[in-house]
Amino acid sequence: MAIGSLPPIERKGGRKNEEIRDETAPLLPTIQENGGFSEFNGASFSGAVFNLSTSTVGAGIMALPATMKVLGLIPGILMIIFVAFLTESSIEMLIRFSRAGKETSYGGVMGDAFGKFGRMLLQISVTVNNMGMMIVYMIIIGDVLSGTSSSGIHHSGILEGWFGEHWWTCRAFVLLVTTLIVFIPLTSFKRVDSLRYTSALSVALAVVFVVITAGIAIIKLLNGSILMPRLFPQLSDLASVWNLFTTVPVVVTAYICHFNVHSIDNELEDSSQIRPIVQTSVALCSIVYIATSFFAFLLFGDSILDDVLANFDSYLGISYSSILNDIVRVSYAGHIMLVFPMVFFALRLNLDGLIFPSASPLSSDNRRFAFITVMLLSLIYLAAIFIPSIWDAFQFTGATAAVCIGFIFPAAITLRDPHGIATKRDRILSAFMIVLAVFSNVVAIYSDAYSLFQKSKEA
């Protein structure tokens, strides 16, 4: 059953006149504010697509190209397409059970199926996942702009490369300025649709990276300095076979956007648009992922690194290499900055629902809204500055929380089937999602633990 076949929830007076009182619903009421009427008449189709796409395409865009080195070009592309199909299916099931239970949030659907415990489990998972993502985002921004040191080697950031080492190019000051100038204004919006323009710019910056990578790869291919990439994996021993499975968690977690689906859906004037919005967003993200992975693998071949951005830290073999490197790194830093508020939006809503489950809507309490916003931004900033090794911890917790949000919870809701609407196909697909998600998580935890163990031995 497709999302499009679902009848929209009937609301007295239309969507724009309903005040939703749920911890993960839109924060800003659409009828009255301080005795007046809001001018918001519903989110646009394009704005919703960009917001959902920005919720999806984060730092994972830089990790996907390395999966091509392991899987080969054809299996790698097929894997991206297959997970895109699973993502669309999981969101479809989530929305369908939302309609059946007349719920307006992910937490509400989990509560409908599993009670208070289910709702709290979802809120904790979103809090852990999104908090970890944003700390990692801030660490990446610091690395790109201010530089980083690893194994005694210092890699200069963009600002250090341009202006040299000064107090105002250090990580702490750069991230403080970024927080004050970029993050605080963008996280102050109470409606997710208010971020539609920054989300469109975020997607555009991701496309800039794709276009530059494609241009360099095509130029080098035409002048014969690179070869066509491998189409299939190289399997020489048991270790190489095991290595194939390490790509599963990277691809599976690349499409996690479920925590913002309901917030976007609730702000639509016509709720029946959610199906084409989801399909368009998933298709757009898939195109970006496939293009990035293909051209990056074509350009760097087997020398591609786990984070392809690191490949743009050296000579590319063409004219204006340093300029192109800087453009790629600046566009990526800008992309991450604009993804940040979309992920933060869901974090704030779920944390508020977890801490203040019986409180009034967050939009009606400016003090609580400001307190949670400032508290979260402060914690994220301090963690990124003083606990950079927290990245290692979130490799474990983040992988677990992400697959729960994206696949295990929607599949569990479908198998629980509180309204008796699940089909045989739904149950089979849900069982497969859970098996894939658990397998993905086990592989990710084992791989990360093994990597950390090896690092500790080398140290």
Side-chain angles (χ1 to χ4, degrees), residues 57-81 83 136 140 143-144 147-148 150-151 153-158 161 205-236 239-240 243-251 253-254 285-336 447 451:
V57 182
I61 190 176
M62 294 298 173
L64 281 174
T67 64
M68 298 290 169
K69 179 174 67 174
V70 178
L71 295 173
L73 198 60
I74 292 178
I77 292 176
L78 291 177
M79 182 75 167
I80 292 174
I81 295 173
V83 175
V136 170
I140 292 174
D143 291 347
V144 172
T148 183
S150 178
S151 302
I153 301 175
H154 181 71
H155 300 275
S156 297
I158 293 173
L205 290 173
V207 172
V208 167
F209 170 74
V210 174
V211 170
I212 291 177
T213 306
I216 297 172
I218 292 172
I219 290 173
K220 296 189 71 173
L221 184 64
L222 292 177
N223 63 27
S225 57
I226 58 174
L227 303 175
M228 285 298 295
R230 282 185 294 103
L231 299 181
F232 296 95
Q234 292 179 335
L235 303 177
S236 55
S240 62
N243 199 33
L244 295 177
F245 296 109
T246 62
T247 64
V248 176
V250 177
V251 183
T253 56
C285 294
S286 299
I287 292 171
V288 171
Y289 285 159
I290 291 172
T292 301
S293 302
F294 173 79
F295 288 113
F297 187 38
L298 176 63
L299 177 59
F300 299 112
D302 288 336
S303 64
I304 197 168
L305 301 175
D306 290 342
D307 181 354
V308 72
L309 187 68
N311 287 100
F312 288 92
D313 195 22
S314 58
Y315 181 60
L316 298 175
I318 63 172
S319 303
Y320 307 106
S321 175
S322 61
I323 296 176
L324 291 173
N325 281 339
D326 285 348
I327 293 175
V328 166
R329 294 160 74 192
V330 168
S331 64
Y332 181 60
H335 166 73
I336 291 296
S447 300
S451 175

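With hydrogens and angles ignored, the 3.5 Å screen pairs a side-chain donor or acceptor of Ser331 with a backbone N or O of Ile327. Judged purely by atom type and a 3.5 angstrom limit, His335 has no side-chain atom pairing as donor or acceptor with the backbone of Val208. Ser321 contributes a side-chain N or O that, together with a main-chain N or O of Leu316, makes up a donor-acceptor pair within less than 3.5 Å. A side-chain donor-acceptor contact under 3.5 Å links Thr67 to the backbone of Leu64. Although no hydrogens or angles enter the test, the distance criterion places a donor-acceptor pair under 3.5 Å between the side chain of Asn311 and the main chain of Ser303. Side-chain atoms of Tyr332 never come within 3.5 Å of backbone atoms of Val144 as a donor-acceptor pair (strictly under, hydrogens ignored). Distance alone, capped at 3.5 Å, is enough to place a donor-acceptor pair between the Thr247 side chain and the Leu244 backbone.
At least one side-chain heavy atom of Ile80 sits under 4.5 Å from a side-chain heavy atom of Met68. Counting heavy atoms from C-beta on, the side chains of Ile287 and Val210 never come closer than 4.5 Å. You'll find the side chain of Pro65 reaches within 4.5 Å of the side chain of Thr292, heavy atoms only.
Under the 6.0 Å cut-off for aromatic ring centres, Phe312 and Phe300 qualify, their centroids lying closer than that.
Rounding to the nearest 0.5 Å places CD1 of Ile74 at 3.5 Å from CZ of Phe232. Ile61 contributes atom CD1, which lies 10.5 Å from atom CG of Leu309 (distance to the nearest 0.5 angstrom). Atom-to-atom distance recorded for Leu299:CG and Ile212:CD1 is 11.5 Å, nearest 0.5 angstrom. We find the CD1-CG distance between Ile158 and Asp143 to be 11.5 Å, quoted to the nearest 0.5 Å. Distance check: Leu73 CG to Leu78 CG gives 9.5 Å after rounding to the nearest 0.5 Å. Between the OH atom in Tyr289 and the SG atom in Cys285 there is a gap of 5.5 Å [rounded to 0.5 Å].
Among all heavy-atom pairs drawn from Leu298 and Ala217, the shortest one is CD2-CB, 3.9 Å. When all heavy atoms of Pro75 and Leu71 are compared, the closest pair comes out as CG-O, 3.3 Å.
Identified under the salt bridge (charged side-chain N to carboxylate O under 4.0 Å, His left out) test for residues 210-235, with sequence neighbours left out: Arg230-Asp302.
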